[in-house]
Amino acid sequence: MDSEALSTAYAGLEKVATQDDPGQRKWTWEEDGFTVIRSSARTGPGCHDNCGILMYVKDGKLEKIEGDPENPYNQGRLCPRCLAAKEMIYHKDRLMRPLKRAKSERGKNTFEPCTWDEAYDIIDREMKAVVNKYGGKAIYVTQGTGRDINGYGPLMAQCFGSPNYGMGFLSGEGCYAPRLFSTGLKAGNMFVCDYSQFFPERYDDPRWEKPEYILIWGNNPVVANSDGTLGHWIVECMKRGSKLIVIDPKLTWLAGRADVWLQVRPGTDSALALALCNIIIEKGLEDTDFIDRWTYGFDEFKEHVKQYTAESVAEICGVDAALIEEAAVKIGRARSACLQWGVTIDHTSEGFITGMACFDLMAVTGNYEKPGTMLAARACFGVGVTWMPDPNAWEEIPNLIADENEIMNNDYPAVRAMHAISQDMILKSMETGEPYPIKACWIQTNNPLSCMGAQPQRILPALQSMDFNVVVDLFMTPTALACADVVLPAVSFAERPGLTGHQPYTLTALAKAIEPLGDTKSDQRIIYEMSERFTGVKMPWDDEEGFYDFVLRKTDFSYQDMKERTWAYPEFEYNKHEKGLLRPDGSPGFATRTGRYQFYSPEMQYFGLSPLATFEEPPESPVSSPELAKEYPLVLSSGARLWGLFHSEHRQSPSMRRMHPQPLARIHPDTAKDYGIKSGDWIMIENQLGTCKMMAEVTVTIKRGMVSADHGWWFPERGADDGTYFGTLESNINTLMPMRPGKSGLGNSYKSQLCQIRKIEE
Ligand SMILES: Nc1nc2c(c(=O)[nH]1)N[C@H]1C(S)=C(S)[C@@H](COP(=O)(O)OP(=O)(O)OC[C@H]3O[C@@H](n4cnc5c(=O)[nH]c(N)nc54)[C@H](O)[C@@H]3O)O[C@H]1N2
Ligand SMILES: Nc1nc2c(c(=O)[nH]1)N[C@H]1C(S)=C(S)[C@@H](COP(=O)(O)OP(=O)(O)OC[C@H]3O[C@@H](n4cnc5c(=O)[nH]c(N)nc54)[C@H](O)[C@@H]3O)O[C@H]1N2
Ligand code: SF4
Ligand SMILES: [Mo]
């Protein structure tokens, strides 16, 4: 979405009425000798989701966490990670005070404790030295996956005077941004499936109807609960009769329960989506009423997709043509269908275009804004800052950015149009000083060396060459150990207030249950205290609750109101495009330039890209690079989510580590046999970029001829002294991933690479 579309997503929503009545709902009470605090868990340790929790406190100590049965979002359910959060919150390795280290000692375990004042002084001095020499744009402010504080990272960046804020070293902005931008261009908004989550009464709300078909596309929501969608919502819909079509190279729990499972070769999803569109149109199953009234460029699209026949695409994707036809007919005939897509879409080099193709399938079948279909997702009460950058969030705060256009994105037109930075360009700039130098990093909720970045073997020297680095985390991570000059200790969700609205169904509050442990501080406080120190300007609030009052300033709520009611559901309506609720001028239609859903997106021409969605082979594939494939014949996908691990977190949590003791690479028995490998063998995964050591798990659930490897591994148990940064480069699948997006700049290769494997003889 461009910034204009983003502003539209917030416009006029502030004073929307609430649907739910807080009635007698309490935020705290006494029970069996415990004080119970009702809250949400949207930050570390654990997740970036938003589940309702009850925290049981005795004598100032958090004794247990349970799911809140009254919270409509998760209805009492919790994952193992939240149930075991105490292990992380009270872990002996948690950072308890600010640390400093001489620059000459980078990489060594020679940190010394210091006061907050001293830490802020060092940061102020060093960041100002960088600004004086190179300008504010030389500071790179990074954050990790979307936790509640991510909306506040831009505040830190604007106070340092840097336009370069983003997800630290995530090649091709490969998490949600490609999908968001494709839907922004196509439909003027982000859209999500309707599982009744917009209603506090959930499945019992009479306005709601279940989707007849749910397309689970490159997503494993029962494990990942990704992007603000809980897996059990899908299970609840299945109990009520929803059917599934699953597109995944792996037999997931949901794939095993699908009407049709399409076991695609990684990286070929776009071809499949366009073939499904073609077959639906050929069979006359398209929604002509929706297409005529609400879409743009269908005739061109119809001609264009004729090349994607069931037979040709079956060959590309490695699935049966008859199954593709069956899926197309089921989607085409369904009364309602929705697209539950995952990060896989972004993890192929032209992820942005794959997203467009998948969305076209929903438009061909008219699955927008009706019950059980795709619904426009807009900020709750206009408070977007809790889940995505809000262009107006910090307008009253000093902005030291000299020139917004100096944002690092010139090489990639779609990234530029999105007003995002190109992480791929940032790494190059650190290495070469071109187009201008990046010289300092503020790294918060982010572990790029172990997890977020591709080619960590390049990131490590690049970070170590900086003039100055700060890391803000709960633990000493490989990234902090390798490069930080100052480490600031952050608190967990139990130790602070907060506001969250992961996805636009409900705004919720985090309530503090215990005092910050040791000498730790909340992330938001660190950001605003540092901002005050650096700019010398007092922020328009006095404390953390005041900070949240500021975030809520355009709504009818204060933080206290939100804490007392814990959640608030804005009013909701279906058919918003028909009622003129999507466009800023109130006219019917979609919030695109043409006012319609765009099969043909004229804007794409400015980016030098096809205005119609297409399929391109990933740059490394058996088809596009046959020479490379001779040496590296297996297709490599990585990072499929695991129950007990959230990215690089939880390696210290005893019970989560018992579930996942070693980094695993999954291989089909036939492939394993070819290489003489059995389950439990240590193997080396290799390609033209790097090597990675993992344990083999031989399983029929994986497509033949591919490897599905874990991501995010490091070994805190090794200690910080052996010079390997907790062994993070040894079992790091990202050493095999290029730090290089596709042509548009949006999309990476984390799930579509090549590799070979060999058994390590011990
Ligand atoms: N090969 C491969 N690589 C991938 C992926 C993949 O599928 N395959 N997935 C990619 C994706 S989609 C993403 S989003 C990235 C995620 O990459 P990251 O966001 O970097 O990963 P995390 O390990 O979740 O978080 C990083 C750090 O944040 C800290 N943290 C957690 N909560 C808090 C908090 O409240 N405050 C502070 N200050 N710190 C906190 C944790 O301790 C951890 O050290 O990884 C990407 N990397
Ligand atoms: N437990 C846990 N939960 C998480 C996270 C975590 O680290 N741990 N990370 C969070 C984050 S930041 C994100 S972005 C989400 C991501 O969550 P999801 O979107 O579910 O992503 P993945 O689990 O990486 O992959 C989903 C499925 O895609 C399949 N797949 C692999 N390659 C391809 C392909 O080329 N095409 C298709 N169609 N499918 C493919 C995999 O086999 C897997 O079953 O999860 C979030 N939730
Ligand atoms: S999805 Fe799981 S780990 Fe995340 S907040 Fe909900 S219960 Fe906690
Ligand atoms: Mo992500």
Side-chain angles (χ1 to χ4, degrees), residues 1-3 130-131 133-144 153-154 156-158 160-178 180-181 346-353 389 401-443 446 448-449 451-469 479 483 606-609 619 689 734 737-750:
M1 248 179 277
D2 58 17
S3 41
V130 168
V131 172
K133 210 160 160 196
Y134 305 99
K137 64 186 177 187
I139 300 174
Y140 177 34
V141 175
T142 85
Q143 293 196 320
M156 190 72 259
Q158 85 178 45
F160 282 143
S162 176
N164 291 318
Y165 158 80
M167 297 183 78
F169 299 94
L170 182 63
S171 180
E173 325 309 307
C175 182
Y176 223 1
L180 279 181
F181 194 53
D346 311 326
H347 285 182
T348 186
S349 57
E350 293 304 341
F352 160 54
I353 293 162
I401 299 174
D403 183 351
E404 286 283 350
N405 293 320
E406 288 182 328
I407 187 166
M408 184 89 70
N409 56 21
N410 279 345
D411 290 357
Y412 299 107
V415 184
R416 187 158 186 77
M418 232 186 147
H419 209 68
I421 62 170
S422 161
Q423 319 296 322
D424 302 270
M425 282 184 71
I426 293 263
L427 178 58
K428 260 194 218 152
S429 147
M430 286 178 171
E431 292 171 333
T432 64
E434 298 296 331
Y436 58 78
I438 294 287
K439 286 289 178 187
C441 298
W442 172 278
I443 299 173
N446 185 202
L449 197 57
C451 189
M452 201 170 231
Q455 286 183 289
Q457 62 273 42
R458 285 173 58 197
I459 296 172
L460 173 63
L463 281 174
Q464 289 186 329
S465 74
M466 291 294 98
D467 285 4
F468 187 62
N469 294 308
T479 304
C483 77
Y606 301 118
F607 312 152
L609 299 168
L689 297 175
N734 286 351
M737 303 295 169
M739 191 74 192
R740 176 221 58 208
K743 290 192 287 288
S744 66
L746 293 172
N748 63 36
S749 298
Y750 292 5

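For the single chain, residues carry numbers from 1 onward in sequence order.
Counting only residues at least two apart or on different chains, the salt bridge (Lys or Arg N to Asp or Glu O under 4.0 Å) pairs with a member in residues 737-747 are E616-K743, E620-R740.
Of the inter-residue distances, the one linking D424 atom CG with N409 atom CG reads 12.0 Å to the nearest 0.5 angstrom. A distance of 9.0 Å separates CG in L180 from SG in C175, rounded to the nearest 0.5 Å. Distance check: S749 OG to N734 CG gives 11.0 Å after rounding to the nearest 0.5 Å.
At a threshold of 4.5 Å between non-hydrogen side-chain atoms, the residues M167 and N446 do not count as touching. In this structure the side chain of M452 never reaches within 4.5 angstrom of the side chain of T142, judged on heavy atoms. Here the side chains of Y750 and S171 are in contact, with some heavy-atom distance below 4.5 Å.
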- Message: Could you go through Y165 and Q158, starting from their C-alpha distance and side-chain angles, then the distance that decides it, and tell me whether this counts as side chain to side chain donor-acceptor pair (under 3.5 Å)?
- Response: CA-CA 9 Å; Y165 158 80; Q158 85 178 45; over 6 Å; no

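The closest donor-acceptor contact from the side chain of S744 to the backbone of A414 lies at 3.5 Å or more, if one exists at all. The main-chain N or O of Y140 is never found under 3.5 Å from a side-chain atom of S162 such that the two would form a donor-acceptor pair. At least one donor-acceptor pair under 3.5 Å links the side chain of S429 to the backbone N or O of Y436. Between the N748 side chain and the L170 main chain, no donor and acceptor come within less than 3.5 Å of each other.
When the salt bridge (charged side-chain N to carboxylate O under 4.0 Å, His left out) test is applied to D346, the partners found at least two apart in sequence or on another chain are R179. Taking the side chain to side chain contact (heavy atoms under 4.5 Å, CB included) definition, one finds that V131 meets it with I139, F534, sequence neighbours left out. Qualifying ring pair (Phe, Tyr, Trp, His ring centres under 6.0 Å) partners for Y412, counting only residues two or more places apart in sequence or in other chains: none. Annotation: salt bridge (charged side-chain N to carboxylate O under 4.0 Å, His left out) contacts of K137 (sequence neighbours excluded): E406.
By the 30° and 60° cut-offs, the orientation of the rings of F352 relative to F607 is tilted.
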Sequence neighbours excluded and cut-off under 3.5 Å, please list the side-chain donor-acceptor pairs for residues 454-465, or say none.
{"from": "Q455", "atom 1": "OE1", "to": "R458", "atom 2": "NH1", "distance (Å)": "2.9"}
{"from": "Q455", "atom 1": "OE1", "to": "M739", "atom 2": "N", "distance (Å)": "2.8"}
{"from": "Q457", "atom 1": "NE2", "to": "L689", "atom 2": "O", "distance (Å)": "3.2"}
{"from": "Q457", "atom 1": "NE2", "to": "T735", "atom 2": "O", "distance (Å)": "2.9"}
{"from": "R458", "atom 1": "NE", "to": "E431", "atom 2": "OE1", "distance (Å)": "3.4"}
{"from": "R458", "atom 1": "NE", "to": "E431", "atom 2": "OE2", "distance (Å)": "2.8"}
{"from": "R458", "atom 1": "NH2", "to": "E431", "atom 2": "OE1", "distance (Å)": "2.9"}
{"from": "Q464", "atom 1": "NE2", "to": "A482", "atom 2": "O", "distance (Å)": "2.9"}
{"from": "Q464", "atom 1": "NE2", "to": "Y725", "atom 2": "OH", "distance (Å)": "3.2"}
{"from": "S465", "atom 1": "OG", "to": "A462", "atom 2": "O", "distance (Å)": "2.7"}

